[in-house]
Amino acid sequence: MYNASFSDAKDYYKNALRIGQRTFSRDKKNLPSLDHVIKHMNILNEMNLGEMDIPLKKIIGTLSYLRSNSFSSDYMPLSPMDTEFCDKWVHLAQYHLNEGISDPIKVYEYLGYYYVIEGNKRVSVLKFFKSFSIRAEVIRLINRKNLKSKSNAIYLEYIDFFNKTKINFIWFSRIGRFKELYDIFKDAEVHYSLYKSTEEISLSDKYKYLEGIYLRFRKVYHEVGGGEILITTGDAFLEYIKLYGIPDEISDDNLKKILRKLLLDIESMSRRKSVKLVKRPEQMKNHTNVITSLSNMMSSFKKLNILFIYEDRLEDSEWAKLHERSRIFVQNSFGDKIETSYIENIKIGNEIYQTLMEIWDDYDYIFTTSPSYINDTLKVAIEKGNGKKIFNCSCTHFLKYVSTYWGRMYEPRFLCGIIAGAMTKTNKIGIIESFPIPDVINSLNSFALGARFVNPYAKIILRWSNEWRIGDKSLCLWDELLNEDIDMIYSKNLFNIDKKAEFKEFLCTSTWNFDLFYEKIIYNLITIRDSSLNFWWGIDSGVVDIHMDEKKIPYETLKTVHVLRSQIKSGFFNPFTGVLKDNRGNIILKEDIEASNNQILFMDFLSEGIEGEMPIINI
């Protein structure tokens, strides 16, 4: 605070007026009014939330239409200098500079935003001086008709989050993120000696702590340019703590170093901003006749030293064995052009992080072969920051520092769904899925679409195991599904079930061929050293496919599968085309519309015909 004169404050009004006039000239709009927003709406009730600090950026309008004429859309004044309005604004500005505005305003909160009942000039002054928050008495308005609409799903999550934490300054751009943040803090062990002497911090204290580290993060995030990215600061904060955990305290200098590198990947993780996405091998340069071409290359190319990292022991994991067989294949194929090696049984978290940090400079390229490695892989790549040299085998993430490679598994899963839908006699098909992540969801939805493609009465009975491999939980869910009136179960493979005869028979499964993946990717690294790609290949590449026991499947069904497989392979058919609804009846795609890459890659709904829910799980 300092001793500001009335003349000083009047100069500020001139600047504020100039900003307001410029905004109004550009937008041709005054400040929004709540009267106009809720006109003709049936308000269920008013809920007085009491006094609290509210973020000024969330105050977007006033109650009265008449009052809105005094301000531009960014809350800057529009009244001339020789008016009573100007004098009052100037006195408030002077008081704010010398004493600090502390009297609470009164606002309505509607759908997460605030509209001022009393105190418009105070809001205008504080917005001009770029204050973060203001004290307010808050009354929440709830609309009976639209409260449960899909468009308000984030707001409903916010209400639940607010009721539990009393935090109102964090906002997210996507469904499920309020619950993610709540679950992280609810279960976290927080040790923060500067905040509280005891190691045990109560749940209510955790939310005060959350407020403190979020505000520090927000300050640094905006200092390094985060405000220019079209995501919320809450989105960025959540991505940060998912990568680095909950900090005991935040150092501005260290956080700045991390955020400057992380900024682009935070945007891509939260907004799915696309980088180079290779959907077919032919999109890569010099992709044909790999071995013949290599034999004609000049011997001056440096031998590449490449490491493969497996999460489990080879003897215990079919997934690790798939990659190891492919490592041996490419080593034999490329001969003395590459030197490959592997390490096994490296667990996620600190073990993979420390391993990557220690061996980073010893290899030209590194393949981390488990999807669960993605966060630790990204964290190390950001900290090392010396070129994109690491690949992670996971659903496509549009990242700056890590390339990803994965298959369009939803294509063979659609074909598996056709077999299940055609052969079921009860019209009920059980399915056990691992985690509700986008690749699992689009494969699940594609399976359901395939089943209903040939059988519109087919229903998919969904269960989540929350485990990558078939373990105890999956076996329990298998027994649970057998109590339903089903005759098909998909759990890694599709089985025909005869409960009376107590037998199951294998029908089909989706398969991987990583030989082709590694051959194409490594050839690309040898020839043009381009690792700035994300690979997402389908049946057309041979990387993924369907394997069937054709003796157990009716001829007519086999014929349908072969025709549609050919159509998918040639690019003439996409399972996600045409009218697509979720299992609540909302239309996702209209007729004759093909889903975009991003709509498939980051699918977050269950399609029509699936009986089950999609829990929010942080893995």
Which atom names give the shortest non-hydrogen contact between Gly112 and Lys58, and what distance separates them? O-CE, 3.0 Å
Assess, by modelled atom type and distance only, whether the side chains of Glu311 and Thr369 contain a donor and an acceptor separated by less than 3.5 Å. no
What I want to check is whether the side chains of Asn574 and Glu594 have a donor and an acceptor closer together than 3.5 Å. yes
For this output row, return yes or no: ring centroids of Phe435 and Trp464 closer than 6.0 angstrom. no
Flag the pair Asp540 and Arg408 as a salt bridge only when some basic side-chain nitrogen lies within less than 4.0 angstrom of an acidic carboxylate oxygen. yes
When you compare the side chain of Ile546 with that of Thr509, does any pair of heavy atoms fall below 4.5 Å? no
Side chain to side chain donor-acceptor pair (under 3.5 Å) involving Gln599 - partner list, sequence neighbours excluded: Ser596
Hey, mind stepping through Phe391 and Thr368 against side chain to side chain contact (heavy atoms under 4.5 Å, CB included) and telling me if it holds? CA-CA 6 Å; Phe391 296 79; Thr368 57; over 6 Å; no
What I want to find out is whether Glu180 reaches Lys242 closely enough, with some N-O distance under 4.0 Å, to be called a salt bridge. yes
Quick check: do Val380 and Trp360 have side-chain heavy atoms less than 4.5 Å from each other? yes
I want to check something: taking the side chain as every heavy atom from C-beta on, are Phe237 and Leu181 in contact at a cut-off of under 4.5 Å? yes
Are more than 12 heavy atoms from other residues, nucleotides or ligands located less than 6.0 Å from atom CZ of Phe506? yes
Would you call Lys492 and Glu433 a salt bridge, taking side-chain N to carboxylate O under 4.0 Å as the test? no
Ion pair present between Glu324 and Lys321, side-chain N to carboxylate O less than 4.0 angstrom? no
Evaluate side chain to side chain contact (heavy atoms under 4.5 Å, CB included) for Met488 paired with Leu494, printing each intermediate quantity in order. CA-CA 7 Å; Met488 297 276 164; Leu494 179 65; 4.3 Å; yes
I'd like to know if the side chain of Ser326 reaches the main chain of Leu322, judged simply by a donor and an acceptor atom lying under 3.5 Å from each other, with no hydrogens or angles considered. yes
Which pair of non-hydrogen atoms, one from Ser541 and one from Gly538, has the smallest distance, and what is that distance? OG-O, 2.7 Å
Identify the two heavy atoms, one from Met409 and one from Ser510, that lie closest to each other, and give their separation to 0.1 Å. SD-CB, 3.2 Å
Minimum heavy-atom separation for Met548 and Ile419, please, with both atom names. SD-CD1, 3.6 Å
Looking at Phe161, is Lys179 sitting on its ring face, NZ or CZ under 6.0 Å from the six-membered ring centre and within 45 degrees of the normal? no
Give me the ring orientation class for Tyr405 and Phe517: parallel if the planes are under 30° apart, tilted from 30 to 60°, perpendicular past 60°. perpendicular
As an exercise, state the distance from CD1 of Ile390 to CG of Leu307, rounded to the nearest 0.5 Å. 9.0 Å
Mark yes or no for whether Glu157, through its side chain, and Gly176, through its backbone, hold a donor-acceptor pair below 3.5 Å. yes
Check: Phe162 ring centre within less than 6.0 Å of Phe178 ring centre: no
For Asp485 and Thr426, test the side chains for any donor-to-acceptor distance below 3.5 angstrom and give the result as yes or no. no
Is a side-chain donor-acceptor pair under 3.5 Å present for Asp235 with Ser173? yes
In terms of heavy-atom contacts, Ala320 and Leu314 come closest through O-CD2, 3.6 Å
With a 4.5 Å limit on heavy-atom distance, are the side chains of Phe576 and Asn442 in contact? yes
Tell me if the aromatic rings of Phe308 and Tyr518 count as close, with their centers under 6.0 Å from one another. yes
Pairing donors with acceptors under 3.5 angstrom, does anything connect the side chains of Ser333 and Glu519? no
Regarding Ser394 and Thr404, is there a side-chain donor-to-acceptor distance under 3.5 Å anywhere? no
Compute whether any side-chain donor of one residue and acceptor of the other, for Tyr353 and Glu383, lie under 3.5 angstrom apart. yes
Give a yes or no on whether the ring-centroid distance for Tyr221 and Tyr240 is below 6.0 angstrom. no
Considering only heavy atoms from C-beta outward, does the side chain of Leu580 approach that of Ser607 to under 4.5 Å? yes
Assess Lys504 against Trp478: is NZ or CZ under 6.0 Å from the centre of the six-membered ring, and within 45 degrees of the ring's axis? yes
Between Asp515 (side chain only) and Phe329 (backbone N and O only), is there a donor and an acceptor less than 3.5 Å apart? no
Sequence-distant partners of Trp512, side chain to side chain donor-acceptor pair (under 3.5 Å), two or more places apart: none
Smallest separation among heavy atoms of Thr424 and Lys428, with atom names: OG1-N, 3.6 Å
Once you round to the nearest 0.5 Å, how far does CG of Leu564 lie from CD1 of Ile418? 4.5 Å
Straight-line distance of Ile441 CD1 to Cys395 SG, nearest 0.5 Å: 9.5 Å
Taking the six-membered ring for Trp, is the centroid-to-centroid distance between Phe535 and Trp406 below 6.0 Å? no
Using only atom types and a distance under 3.5 Å, with no angle test, would you say the side chain of Thr355 pairs donor to acceptor with the backbone of Glu351? yes
What is the distance from atom CD of Glu505 to atom NZ of Lys552, rounded to the nearest 0.5 Å? 4.5 Å
Approximate separation, where rounding is to 0.5 Å, of Thr557 OG1 and Leu415 CG: 12.0 Å
Is there a donor-acceptor contact under 3.5 Å linking the side chains of Arg327 and Thr340? yes
Geometric cation-pi criterion, Lys389 with Tyr365: 6.0 Å, 45°: no
Is there a side-chain contact between His547 and Cys508 (heavy atoms, below 4.5 Å)? no
Check whether any side-chain heavy atom of His222 lies under 4.5 Å from a side-chain heavy atom of Thr233, and answer yes or no. yes
One thing to verify: whether Arg463 and Glu480 come together as a salt bridge, which I'm taking to mean a side-chain N less than 4.0 angstrom from a carboxylate O. yes
With side chain to side chain contact (heavy atoms under 4.5 Å, CB included) as the test, would you mind laying out the steps for Ile309 and Ile352 before giving the verdict? CA-CA 9 Å; Ile309 302 180; Ile352 181 62; 3.8 Å; yes
Out of Ile539, Thr511, Asp545, which residue meets the side chain to side chain contact (heavy atoms under 4.5 Å, CB included) rule with Pro412? Ile539
Mind telling me whether Tyr158 and Trp171 have parallel, tilted or perpendicular rings, with 30° and 60° as the class edges? tilted
dist Ile461:CD1 -> Ile429:CD1 (nearest 0.5 Å) comes out at 9.0 Å
Would you check, one step at a time, whether the test side chain to side chain contact (heavy atoms under 4.5 Å, CB included) holds for Asp549 with Leu507? CA-CA 5 Å; Asp549 186 341; Leu507 296 176; over 6 Å; no
Is Ser370 close to Cys393 at the side-chain level, that is, under 4.5 Å between some pair of heavy atoms? no
Between Glu467 and Ser474 (side chain of the first, backbone of the second, donor and acceptor by atom type, cut-off under 3.5 Å), is there such a pair? yes
Assert yes or no for the condition that the ring centre distance of Tyr410 to Phe447 is strictly below 6.0 Å. no
Do Asn455 and Asn427 have side-chain N/O donor and acceptor atoms under 3.5 Å apart? yes
